[in-house]
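The next block holds one structure in the form of structure tokens; read it before the comments.
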Amino acid sequence: MVRLAPDGRELDRRVVGTAELAVHVAERQQAEPGARWVWHDTARRYPAMLDAGVRVGRCHDLRLCHAILSTSSSVARAADLRAATQWDAVAAPEGPTGDALFTLADDPAARSGPPEGIDEALAEFARQRAAIAGAADPRRLEILCAAESAGALIAAELRHAGLPWDAAVHEDILIAELGRRPAAGGLPARVAELAAAVRAQLRDPQANLDSPAKLLRSLHRIDIPARTTAKWELRDFDHPVIELLLEYKRLHRLLTANGWAWLAEWVHDGRFRPVYIPAGVVTGRWAASGGGALQIPRQLREAMRADSGWRLVVADVAQLEPRVLAAMARDLALAESARGHDLYAGIVERGAVAERHEAKVAMLGAMYGATTGDSGRLVPRLRRTYPRAMELVDAAARAGENGEQVSTWLGRTSPPASAGWRARQASAAGEGASAADRDRARRAAGDRGRFTRNFVVQGTAAEWALAWLGEVRARLARLDPVPTAEAAPRSGAAFARVPHLAFFLHDELIVHTPARHAEAVAEIVREAAQAAASLLFGDFPIDFPLDLHISRTGAKG
DNA sequence: GAAATGCGCGCG
DNA sequence: AAAGCGCGCGCATTTC
């Protein structure tokens with residue numbers, strides 16, 4: 001550990017273990033609340049501090065920032081960073097007994113993580129500072145690295161606090177939908193009944209409903225000529241088995257994905273604690289590992305219950321991506337249509353299309369690269385009405401098709417075209433290329449174009465969301481703790497007495513707060529959205545309206 | 001018998 | 001209505 005003066009001068013250095021580090025950080029946070037901690041990997045250091053009740057205000061995550069800067073097209077000498085060992089490697093998580101559990105030092109060949117020493121960390125930090133300072137627009141990368149690092153803190157904090165989850169409510173839903181939980185092994189009553197009814201209709205008591213290939217053959221035997229067993233295809237066939245089968249699939253899905261096994265594995269002591277992975281997606285979106293945090297069915301949302309005396313403030317952004325697109329492209333016409341709560345209604349008002357639903361599929365089609373169907377047909381209407389916004393995504397698509405890289409608003413850059421992709425394009429352009437070669441190359445180019453088209457919008461939306469999260473976190477930290485008598489101890493040592501973020505998913509966040517702070521928190525969440533807009537887009541006139549509500553109920557029963 | 005692949009479906 | 005982006009998971013099937 002090394003302490004630096006604001007001018008970068010070294011004040012003192014010591015090698016410390018995790019426990020000692022937590023104590024030291026707690027002391028320094030008191031003395032210098034604005035300090036920014038520089039370390040290799042937040043995911044590795046911060047959870048143990050939180051367990052010790054220590055929160056950190058700001059940090060610079062060398063691993064995540066290395067990943068951004070070493071591949072950003074905004075950085076002039078990114079190769080210097082790439083040459084600097086493996087700073088974006090994920091190190092093994094620190095176990096309860098510290099690094100000793102993962103000692104790899106005696107086997108240098110097995111060591112895949114980054115250098116551990118202070119000098120190496122300082123050198124990497126200096127390289128990253130230089131990379132940012134030398135960029136054409138240093139402010140954007142500065143903001144991106146700060147937001148990414150804040151996100152790393154938040155990801156650890158979200159897991160520490162967890163999302164209040166009432167297992168009894170969840171179980172009530174399961175019983176209502178599926179029937180009683182079977183004693184051992186078997187299917188719940190309603191699922192078993194449906195399976196039997198489907199097999200009766202198929203006139204095959206042994207029919208396998210869970211193997212797509214076998215199910216398809218069973219359907220063919222009763223003259224249903226489906227090509228696949230996907231529900232949007234089955235829905236079009238007029239046969240009594242269809243409704244039963246779709247209901248069976250729905251319940252079977254609920255059972256296997258979010259049934260009793262999921263509850264037992266992921267909900268403990270009234271909290272759902274998924275593992276968040278900042279920048280787990282190349283666009284900068286977060287991924288999740290375990291628990292399926294990205295896919296909790298809406299049906300189960302009722303099981304989210306604030307602790308007694310606490311509230312959940314639930315907020316999501318209405319149509320985040322098209323709003324981000326309007327601001328990036330400086331498209332005043334689209335920004336005007338986006339004013340207020342319903343961007344799609346605004347598009348209809350402007351006369352681009354006749355119906356709200358058309359506005360929605362057209363806009364999604366423009367951002368995803370639809371070429372066929374209703375969506376593909378409607379995109380040209382948007383092109384006429386919002387030429388600046390549409391040119392931005394069209395240009396991103398052309399760049400991708402040409403094998404170029406694209407960047408988000410703040411400077412996160414898409415991956416380069418793979419060697420295989422380049423080889424395919426080159427051989428298709430050569431003399432001996434067959435029609436099939438050219439066709440494959442054209443399809444691959446189209447795929448890549450749709451990816452880069454979406455990358456700039458999805459990635460910038462992720463940046464806006466990170467800024468929003470970071471603003472919310474900073475402002476929540478200024479609210480007063482409640483007395484111990486009103487604490488929510490299950491939210492963990494660091495958050496038992498203060499409002500804290502409890503969930504985040506792309507364009508949605510949830511804060512768990514003492515009831516007395518709920519209105520203040522709601523205001524903070526709204527203000528933070530405008531602050532994020534200003535941070536990224538300055539005074540460009542774009543709204544980011546929220547759907548926001550405060551949960552009425554406390555814990556069940 | 002483990003690992004990779006395909007399908008289907010939940011989420012944004 | 002089920003194409004056009006990004007994910008993770010469970011299950012069945014194929015491959016090593």
Side-chain angles (χ1 to χ4, degrees), chain A residues 187 208-217 226-236 245-259 261-262 265-266 274-301 316-322 324-325 355 357-358 360-379 382 393-394 396-397 400 406 408 412 414-415 443 446-462 464-465 503-509 547:
Chain A
L187 290 172
N208 184 341
L209 309 185
D210 304 323
S211 160
K214 288 176 181 165
L215 177 58
L216 200 57
R217 282 198 286 277
R227 284 187 310 110
T228 75
T229 61
K231 70 176 175 190
W232 47 85
E233 175 153 346
L234 293 181
R235 212 158 35 199
D236 293 339
L245 179 55
L246 293 181
E247 180 69 356
Y248 168 82
K249 283 161 81 90
R250 189 178 73 81
L251 296 187
H252 192 257
R253 164 85 190 178
L254 177 63
L255 173 67
T256 53
N258 297 99
W262 182 89
E265 188 174 355
W266 290 103
V275 179
Y276 297 92
I277 303 176
V281 182
V282 282
T283 59
R285 268 190 177 182
W286 289 12
S289 162
L294 279 68
Q295 44 191 137
I296 299 171
R298 304 203 74 84
Q299 192 186 5
L300 291 176
R301 291 289 183 104
D316 67 87
V317 193
Q319 308 107 21
L320 174 58
E321 291 190 353
V324 158
L325 173 57
E355 311 242 353
H357 175 76
E358 293 179 321
K360 183 174 178 175
V361 299
M363 185 52 78
L364 291 175
M367 293 187 302
Y368 293 165
T371 53
T372 61
D374 288 348
S375 182
R377 233 183 26 253
L378 290 165
V379 171
L382 294 188
V393 284
D394 288 344
V406 296
T408 60
R412 195 188 305 265
S414 67
R443 245 201 322 276
D447 289 347
R448 190 158 192 281
R450 283 191 300 280
F451 168 67
T452 51
R453 168 191 292 274
N454 188 245
F455 182 96
V456 294
V457 179
Q458 186 184 120
T460 303
W464 184 93
F503 188 71
F504 169 62
L505 183 58
H506 307 323
D507 62 356
E508 170 184 12
L509 64 78
D547 289 319

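Reminder, nothing fancy here: chain letters follow the sequence lines and each chain counts from 1.
- Remark: T228(A) engages E233(A) in a side chain to side chain donor-acceptor pair (under 3.5 Å) (not counting sequence neighbours).
- Among the protein residues, L364(A) comes within range of no part of the nucleic acid, since none of its heavy atoms lies under 4.0 Å from any strand.
- With sequence neighbours excluded, the residues that form a side-chain contact (heavy atoms from CB on, under 4.5 Å) with W262(A) are W165(A), H170(A), N258(A), W266(A), V267(A), F272(A).
- Note on D374(A): nothing from the nucleic acid sits closer than 4.0 angstrom, heavy atoms only.
- Separating the CG atom of N208(A) from the P atom of dA12(C) is a distance of 7 Å, rounded to the nearest angstrom.
- The NZ-C1' distance, from K249(A) to dA12(C), rounds to 13 Å in whole Å.
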List, with names and distances, any nitrogen or oxygen atoms from the protein found under 3.5 Å away from nitrogen or oxygen atoms belonging to nucleotides 14-16 of chain C.
none

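- The stretch residues 283-295 of chain A participates, sequence neighbours left out, in these salt bridge (Lys or Arg N to Asp or Glu O under 4.0 Å) pairs: R285(A)-E321(A).
- As rounded to whole Å, 15 Å separates atom C1' of dC7(B) from atom NZ of K214(A).
- Between V282(A) and R412(A) the shortest heavy-atom distance is O-CD, 3.6 Å.
- Looking at every heavy atom in both residues, V379(A) comes nearest to A362(A) through CG2-O, 3.7 Å.
- If you take CG of D316(A) and C1' of dG12(B), they are 10 Å apart, rounded to a whole angstrom.
- Atom CD1 of I296(A) is separated from atom C1' of dG10(B) by 11 Å (rounded to the nearest Å).
- Listed by first residue number, the stems of DNA chain C with at least three Watson-Crick or G-U pairs below 3.5 Å are B:1-12 with C:5-16.
- Checking dG8(B), dA3(C), dG12(B) against the side-chain heavy atoms of L505(A) singles out dG12(B) as nearest.
- Atom-to-atom, CG of L234(A) to P of dG8(B) comes out at 9 Å; the value is rounded to the nearest Å.
- OP1 and OP2 of dC11(B) both lie 4.0 Å or more from every side-chain N or O belonging to R301(A).
- D507(A) is linked by a salt bridge (Lys or Arg N to Asp or Glu O under 4.0 Å) to nothing, counting only residues two or more places apart in sequence or in another chain.
- Between V281(A) and Q458(A) the shortest heavy-atom distance is CG1-OE1, 4.1 Å.
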Please report, to 0.1 Å, the donor-acceptor pairs under 3.5 Å made by any side chain of residues 245-252 of chain A, with sequence neighbours excluded.
| residue | atom | partner | partner atom | Å |
| --- | --- | --- | --- | --- |
| E247(A) | OE1 | R250(A) | NE | 3.2 |
| E247(A) | OE2 | R190(A) | NH2 | 3.2 |
| E247(A) | OE2 | R250(A) | NH2 | 3.2 |
| Y248(A) | OH | D210(A) | OD1 | 2.9 |
| K249(A) | NZ | T229(A) | O | 3.0 |
| R250(A) | NH2 | E177(A) | OE1 | 2.8 |

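- Distance K360(A) NZ to dA2(C) C1': 13 Å, rounded to the nearest Å.
- Among residues two or more places apart in sequence or in another chain, the side chain to side chain donor-acceptor pair (under 3.5 Å) test is passed with R298(A) by none.
- Residue A370(A) places its side chain closer to dG4(C) than to any other of dG4(C), dG12(B), dA2(C).
- Applying the 3.5 Å distance criterion, the base of dA1(C) shares no donor-acceptor pair with the side chain of R235(A).
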Check your understanding: Which letter, B, S or -, goes with each nucleotide of nucleotides 5-11 of chain C from 5' to 3', with contact meaning a protein heavy atom under 4.0 Å?
Key -> BBSBSSS

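- Every residue two or more places apart in sequence or in another chain that forms a side chain to side chain donor-acceptor pair (under 3.5 Å) with D374(A) is listed here: R377(A).
- The side chain of D507(A) approaches dG12(B) more closely than any other nucleotide in the set dG12(B), dC11(B), dG8(B).
- Under the salt bridge (Lys or Arg N to Asp or Glu O under 4.0 Å) criterion, R443(A) pairs with D439(A), sequence neighbours left out.
- For the salt bridge (Lys or Arg N to Asp or Glu O under 4.0 Å) test, residues two or more places apart in sequence or in another chain that qualify with D447(A) are R450(A).
- Rounded to an integer number of Å, the gap from CZ of R227(A) to P of dA2(C) is 10 Å.
- Regarding contacts with the backbone of dA1(C), every side-chain N or O of S375(A) stays at 4.0 angstrom or more from both OP1 and OP2.
- With C1' as the reference atom, dT5(B) and dG4(C) are 24 Å apart, rounded to whole Å.
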